[in-house]
Amino acid sequence: MNQDTASQTLALPVGVTLDRYIIRKQSAFPFATGELSQLLRDIALAGKIINREINRAGLIDVTGAYGANNIQGECQQKLDVIANIRFIRALKNGGEVCAIISEEDEEIIFTGNDNAKYVVAMDPLDGSSNIDVNVSIGTIFSIYRRVSPIGSRATLEDFMQGGRKQVAAGYILYGSSTMLVYTTGHGVSGFTYDHSLGEFFLSHTQLVSPDNGSIYSCNDGNYNQYSVTIRDYLDSCRQRGYTGRYIGSLVGDFHRNLIKGGVYLYPPIPKAPSGKLRLMYECYPLAFIAEQAGGRASDGYRDILDIDPKSLHQRTPIYIGSRQMVEELTANH
Ligand code: AHM
Ligand code: MG
């Protein structure tokens, strides 16, 4: 090894930061004005702050129930509330977003930035049942370009555009490492957070969903409430010796299956006849990512992205992950 090479290996490059990556991508689009890039950076900043609070959760008073229910009637955890405040604040202060919908708020949140071009639908902290037990949780987001005139107050129509109109979507997984994964409709990129530098670094240039897999992820306790079609599918998974894996954190389950090949399902059950998961800020964004990675997402009858949105917090059944598995699972609906 000559001296130049030897000294280079002593100080290897640290990699491409999320900021630099976003700027590089932006310059590939001649008319891009930078607002979407700034918005993605605002989301990453909120993610870093939430990551810090989650990491210290046992040491500061942020675990446990907040003492109120959200609009879905579910008990809010303190960290749900904190994450919601952090994201709303980051998006308001960032200035690129005119309105937000959140799993934690019934109504549209107007940021006061009426000149901004974008609206965001988000689940600030998904996987509530895992918050207090140190198991992976996540943030999910979806971004639209508003259809109402710039300068006016945002409207419901800005959100009700349908999944195919998303301009970007992504998630942050607070797991064994913290990752941000997003798409702007040109493939899927993943970034891993380096705590020591406080930066997300490009770690997965082009995430591709394996076309098939052998992991199935569902709440097995609901088995007897599933339709015959779903039970038959799960039985066949067991007969084939597939692996059952279910964290109960959608982002974590989805991410694992995206990397390894698998399918996540939350079918309708009597107590949740339309399924449990929310279309606007859980299913649309993950469906966008799944499709961009070569996977699929269906409600059993049509692609999730083709569902017509009817209300801000509507639910849908979902079957999402490796293309062949989703197709087999939904073939006999
Ligand atoms: P949440 O938004 O209240 O956290 O609920 C969504 C979560 C998903 O992350 C997870 O996949 C699912 O609910 C688990 O539900 P269940 O406990 O019914 O299996
Ligand atoms: Mg959720």
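Looking at heavy atoms from C-beta onward, Ile23 lies in side-chain contact with Arg41 at the 4.5 angstrom threshold. A heavy-atom distance below 4.5 Å is not found between the side chains of Ile50 and Ile82. Within the 4.5 Å cutoff, no side-chain heavy atoms of Thr139 are placed close to those of Met122. Counting heavy atoms from C-beta on, the side chains of Tyr144 and Gln166 come closer than 4.5 Å. At least one side-chain heavy atom of Ile307 sits under 4.5 Å from a side-chain heavy atom of Arg302. You'll find the side chain of Glu96 stays beyond 4.5 Å of the side chain of Lys117, heavy atoms only. Side-chain contact check for Val181 versus His204: every heavy-atom pair is 4.5 Å or farther apart. The shortest side-chain heavy-atom distance between Arg52 and Arg56 falls under the 4.5 Å cut-off.
Donor-acceptor pairing under 3.5 Å is lacking for the side chains of Gln239 and Asp235. Using modelled atom types and a 3.5 Å distance limit, the side chains of Ser217 and Arg256 yield a donor-acceptor pair.
When each of Ile101, Val120, Ile140 is tested with Tyr281 by the rule side-chain contact (heavy atoms from CB on, under 4.5 Å), just one qualifies, namely Ile101.
Leu125 approaches Tyr174 most closely through the heavy-atom pair CD1-CE1, 3.8 Å. Scanning all heavy atoms of the two residues, the minimum distance from Val251 to Asp126 falls at N-OD2, 4.2 Å. What you find for Gly294 and Asp211 is that their closest heavy atoms are O-OD1, 4.4 Å. Here the shortest heavy-atom pairing between Ser148 and Thr155 reads CB-OG1, 4.0 Å. Between Ala168 and Thr184, the shortest heavy-atom distance links the atoms CB-CG2, 4.0 Å. Nearest heavy-atom pair across Asn115 and Gly151 is OD1-CA, 3.4 Å.
Residue Ile247 is not grouped with residue Ile259 when hydrophobic side chains (ILVMFWY) are merged at heavy-atom distances under 4.5 angstrom, including chains of intermediate members. Linking ILVMFWY side-chain heavy atoms closer than 4.5 Å, directly or via other members, places Tyr118 and Val147 in two distinct hydrophobic clusters. By the criterion of side-chain heavy atoms lying less than 4.5 angstrom apart, applied directly or through intervening Ile, Leu, Val, Met, Phe, Trp or Tyr residues, Tyr242 is grouped together with Leu329 in one hydrophobic cluster. Ile49 and Leu39 fall into different hydrophobic clusters, where Ile, Leu, Val, Met, Phe, Trp and Tyr are joined by side-chain heavy atoms under 4.5 Å apart, directly or via other members. A continuous path of Ile, Leu, Val, Met, Phe, Trp and Tyr side chains, each step under 4.5 Å between heavy atoms, connects Leu18 with Leu202, placing both in one hydrophobic cluster.
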Checklist line | CA sep, side-chain torsions, deciding dist, call: Phe141, Phe87, side-chain contact (heavy atoms from CB on, under 4.5 Å) | finding: CA-CA 10 Å; Phe141 61 90; Phe87 263 97; 5.8 Å; no
Next item on the list: Please step through side-chain contact (heavy atoms from CB on, under 4.5 Å) for the pair Leu312 and Met160, ending with a clear verdict.
Entry: CA-CA 8 Å; Leu312 291 179; Met160 296 285 122; 3.6 Å; yes
Item checked: Stepwise side-chain contact (heavy atoms from CB on, under 4.5 Å) test for His195 and Asn51 -> CA-CA 10 Å; His195 291 254; Asn51 179 67; 3.3 Å; yes
Next item on the list: Please step through side-chain contact (heavy atoms from CB on, under 4.5 Å) for the pair Thr111 and Ile88, ending with a clear verdict.
Entry: CA-CA 8 Å; Thr111 60; Ile88 293 170; 5.9 Å; no
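Taken to the nearest 0.5 Å, the CD1 atom of Ile22 stands 9.0 Å off from the CD atom of Gln38. The line from OG1 of Thr17 to CZ of Phe200 is 11.5 Å long, rounded to the nearest 0.5 Å. A distance of 9.0 Å separates CD1 in Ile269 from NZ in Lys276, rounded to the nearest 0.5 Å. Atom CG of Asn332 and atom CG of Asp232 lie 8.5 Å apart (nearest 0.5 Å). Note that CG of Asn212 and CD of Glu327 are 10.0 Å apart. Values are rounded to the nearest 0.5 Å.
The aromatic rings of Tyr182 and Phe191 sit parallel to each other, their planes meeting at less than 30°, with 60° as the upper class boundary. Ring orientation note: the planes of Tyr264 and Tyr266 are tilted relative to one another, at an angle of 30° to 60°.
Panel note: side chain Thr316, backbone Leu279; no donor-acceptor pair is recorded below 3.5 Å. A side-chain donor-acceptor contact under 3.5 Å links Arg146 to the backbone of Pro149. In this structure a side-chain-to-backbone donor-acceptor pair under 3.5 Å is present from Gln206 to Val188. No donor-acceptor distance shorter than 3.5 angstrom exists from the side chain of Ser298 to the backbone of Tyr319, with no hydrogens or angles considered. Formation of a donor-acceptor pair under 3.5 Å by the Asn113 side chain with backbone atoms of Val97 is found in this model. Without hydrogens or angle criteria, Gln225 side chain to Asn222 main chain gives no donor-acceptor distance under 3.5 Å. The backbone N or O of Gly221 lies less than 3.5 Å from a partner atom in the side chain of Asn219, making a donor-acceptor pair. The main-chain N or O of Gly262 is found under 3.5 Å from a side-chain atom of Ser322 such that the two form a donor-acceptor pair. In this structure a side-chain-to-backbone donor-acceptor pair under 3.5 Å is missing from His186 to Gln292. Judged by distance alone, the side chain of Arg278 and the main-chain N or O of His313 form no donor-acceptor pair under 3.5 Å.
Salt bridge Arg245/Asp253: absent, no basic N to carboxylate O contact under 4.0 Å. A salt bridge is defined here as a Lys NZ or Arg NE, NH1 or NH2 lying under 4.0 Å from an Asp or Glu carboxylate O, and Arg153 with Asp114 fails to meet this definition. Under a 4.0 Å N-O distance rule, the pair Arg240/Glu328 qualifies as a salt bridge. A salt bridge links Glu291 and Arg164; the closest N-O separation between the charged side-chain nitrogens and carboxylate oxygens is under 4.0 Å.
With a 6.0 Å radius and a threshold of 12 heavy atoms from other residues, nucleotides or ligands, Arg145 has its CZ atom at or below the threshold.
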